**Q** 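Provided herewith is a single structure, encoded as structure tokens, for subsequent inquiry.
Owing to the predicted nature of the structure, the values given are computational and were not obtained by experimental measurement. Excluded from the calculations below are hydrogen atoms, water molecules and symmetry mates; all remaining heavy atoms, backbone and side chain alike, are included.
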Amino acid sequence: MKNSTNILILSAGRRVELVNCFKAARDKLGIKGMVYGADITETAPALHFTDKYFLIPRISSDDYISALTKLCKEQEISLVVPTIDTELEILAENKKFIEDNSVAKVLVSDSYSVSVCCDKLKTAKYFNEHGFGFPRVISRDDIKSENYSFPLFIKPENGSSSINAFKIDNKRELEFFSDYVKRPIIQECVSGTEYTIDCFSDFDGNVITVVPRIRISTRSGEILKGRIDKNRVLIADVKRLLESFGFIGQITVQCFLCDDGSIKYIEINPRFGGGAPMSILAGADSCEKLYRLLRGEKLAYNEDYKDGLIISRFDNSIVVKE
């Protein structure tokens, strides 16, 4: 496998689209290499679309980093691609160790940026300190003094995929969900057009693409139908947000373009979002860009993707074991 470019997609799960995007980019560029997958169980469907897959320990295991590093070394992995929030912090903390003990690059931003994005209170504080709009956070003192108005929105500080995230319309719901949701953050419930923005930066933090998508339909926090929208105001402000952090790789930003024209950011996921293949399909092929970066090319900012496309995603079934 010498001189090959091998990709390892972690927590492959249901990321069949992402696996196929990497394989398509590799084949388009004529690059020699494998697209590997890793998960804790062989029933993860995306594993069965990879060139080869591996079972590794859970992220919470003491053996996780050593097992991952060994796999990277043995399979000559060129790039490790995380796909879920829970693996980001441990990968950021151990990025240098993995890279020093293998030939792999780990597609994760620095520990500070990751820690801010993985904690919703830290994220809101960052937005406030750096001049970005965000839904007002409702404190305990605000609740005691009734310094708020309905509707509100509650979610876990470290939540993802809209798990335990609820709209609150009255005091009874506020009391119930405040007890039900562990480590909650309560914010004003904003209205307007909801966007997911797929962003890509090179290994030095230079912004390469920003692709806003209007969220038409979602399921469990993941987009099912969306429309590409080259909104100039959004693109400019998101570029400013990305540059303030210095992210690397794929970044997923969620926000509302409110009725009054303001932008209110909801969260940042410093990884491939589930709907990233929609932007890739529109022409912003971050998988191809990663291969180009890995072979030493320099990339410039561009908007070479189709505007206005409406894209719909669907499920499929496969037999993983007989």
**Q** Are any side-chain N or O atoms of Asp110 and backbone N or O atoms of Ser113, one a donor and one an acceptor, separated by less than 3.5 Å?
**A**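 Yes.
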
**Q** Could you go through Gln187 and Lys120, starting from their C-alpha distance and side-chain angles, then the distance that decides it, and tell me whether this counts as side-chain contact (heavy atoms from CB on, under 4.5 Å)?
**A** CA-CA 11 Å; Gln187 294 178 284; Lys120 301 299 186 292; 5.9 Å; no

**Q** Can you see whether Asp141 engages Ser139 through a side-chain donor-acceptor pair at a distance of less than 3.5 angstrom?
**A**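 Side-chain D/A pair, Asp141 to Ser139: absent.
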
**Q** Per the side chain to side chain contact (heavy atoms under 4.5 Å, CB included) rule, which among Val114, Ile59, Leu68, Leu107 passes with Leu91?
**A**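 Of Val114, Ile59, Leu68, Leu107, side chain to side chain contact (heavy atoms under 4.5 Å, CB included) with Leu91 is met by Leu68 alone.
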
**Q** Would you say the side-chain atoms of Thr69 pair up with the backbone N or O of Ile98, donor to acceptor, closer than 3.5 Å?
**A**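 It does not hold such a pair.
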
**Q** Distance check, rounded to the nearest 0.5 Å: Glu243 atom CD versus Arg240 atom CZ?
**A**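 If we round to the nearest 0.5 Å, Glu243:CD and Arg240:CZ are 10.0 Å apart.
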
**Q** Look up atom CG in Leu47 and atom CD in Glu42, then write down how far apart they are to the nearest 0.5 Å.
**A**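 One gets 8.5 Å once the value is rounded to the nearest 0.5 Å.
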
**Q** Shortest non-hydrogen contact from Ile186 to Ser178?
**A**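 The answer is CD1-OG, 3.8 Å.
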
**Q** Quick one: closest heavy-atom pair of Ile168 and Asn170, and the distance?
**A**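 Looking at all heavy atoms of both residues, the shortest contact is CG2-O, 3.5 Å.
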
**Q** What distance do Glu129 atom CD and Lys122 atom NZ have between them, rounded to the nearest 0.5 Å?
**A**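 Going from the CD atom of Glu129 to the NZ atom of Lys122 covers 12.0 Å.
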
**Q** Within a radius of less than 6.0 Å around CG of Asp100, do more than 12 heavy atoms belonging to other residues, nucleotides or ligands occur?
**A**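 Yes, the 6.0 Å shell around CG holds more than 12 heavy atoms from other groups.
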
**Q** Could you go through Glu87 and Arg271, starting from their C-alpha distance and side-chain angles, then the distance that decides it, and tell me whether this counts as salt bridge (Lys or Arg N to Asp or Glu O under 4.0 Å)?
**A** CA-CA 10 Å; Glu87 62 197 355; Arg271 57 169 173 78; over 6 Å; no

**Q** Heavy atoms only: give me the nearest Ile318-His48 pair and the separation to one decimal.
**A**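 For Ile318 and His48, the tightest heavy-atom pair comes out as CD1-CB, 3.9 Å.
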
**Q** With a sphere of 6.0 Å drawn around CZ of Arg292, does it hold more than 12 non-hydrogen atoms of other residues, nucleotides or ligands?
**A**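 It does: Arg292 CZ has more than 12 such atoms within range.
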
**Q** Any donor-acceptor pair under 3.5 Å linking the side chain of Ser78 with the backbone of Ile7?
**A**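 Looks like no, no N/O pair under 3.5 Å.
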
**Q** Mind checking whether Phe22 and Phe272 have parallel, tilted or perpendicular rings, split at 30° and 60°?
**A**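 Perpendicular, since the angle between the ring planes exceeds 60°.
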
**Q** Return the CG to CG distance between Asn231 and Asp229, rounded to the nearest 0.5 Å.
**A**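 Rounded to the nearest 0.5 Å, the CG-CG separation comes to 5.0 Å.
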
**Q** Can you see whether Phe127 has Lys264 sitting over its ring - NZ or CZ less than 6.0 Å from the centre and within 45° of the normal?
**A**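 Pair Lys264/Phe127 does not count as cation-pi.
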
**Q** If you count heavy atoms of other groups shown closer than 6.0 angstrom to NZ of Lys70, is the number above 12?
**A**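 Count not over threshold, so no.
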
**Q** So, Tyr126 versus Ser244: side-chain donor-acceptor pair below 3.5 Å or not?
**A**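 Yes, Ser244 and Tyr126 have a side-chain donor paired with an acceptor closer than 3.5 Å.
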
**Q** Just by modelled atom types, is the Arg136 backbone N or O under 3.5 Å from a matching donor or acceptor in the Glu188 side chain?
**A**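 Confirmed, Glu188 side chain pairs with Arg136 backbone.
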
**Q** Is the Lys NZ or Arg CZ of Lys239 less than 6.0 Å from the centre of Tyr301's six-membered ring, within 45° of the axis?
**A**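 That pair qualifies as a cation-pi contact.
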
**Q** Give the ring-plane orientation class for Tyr148 versus Phe150, where under 30° counts as parallel, over 60° as perpendicular and anything between as tilted.
**A**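 Geometry flag for Phe150 against Tyr148: perpendicular rings.
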
**Q** Angle between ring planes, Phe177 versus Tyr180, binned at 30° and 60°: parallel, tilted or perpendicular?
**A**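 Perpendicular: the ring planes of Phe177 and Tyr180 meet at over 60°.
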
**Q** For the salt bridge (charged side-chain N to carboxylate O under 4.0 Å, His left out) test, which of Arg26, Lys23, Lys28 pairs with Glu288?
**A**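 Answer to the salt bridge (charged side-chain N to carboxylate O under 4.0 Å, His left out) test with Glu288 among Arg26, Lys23, Lys28: Lys28.
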
**Q** As an exercise, state the distance from CG of Asp304 to CG of Asp285, rounded to the nearest 0.5 Å.
**A**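 Answer for the CG-CG pair, Asp304 versus Asp285, is 12.0 Å.
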
**Q** State whether a side-chain donor-acceptor pair under 3.5 Å links Arg213 with Thr196.
**A**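 No.
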
**Q** Quick one: CD1 on Ile154 to CD1 on Ile185, what's the gap to the nearest 0.5 Å?
**A**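 Here the rounded value is 10.0 Å.
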
**Q** Val253 and Ile268: which non-hydrogen atoms are nearest, and at how many Å?
**A**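 Of all heavy-atom pairs spanning Val253 and Ile268, the closest is CG2-CG2, 4.3 Å.
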
**Q** Can you see which heavy atom on Gln250 is nearest to which on Ala276, and at what distance?
**A**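 That closest heavy-atom pairing would be NE2-CB, 3.9 Å.
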
**Q** Identify the two heavy atoms, one from Ile228 and one from Lys306, that lie closest to each other, and give their separation to 0.1 Å.
**A**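 That would be CG2-O, 3.3 Å.
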
**Q** Show your working on side-chain contact (heavy atoms from CB on, under 4.5 Å) between Ile266 and Glu194 and close with a plain yes or no.
**A** CA-CA 10 Å; Ile266 306 300; Glu194 188 174 7; 5.7 Å; no

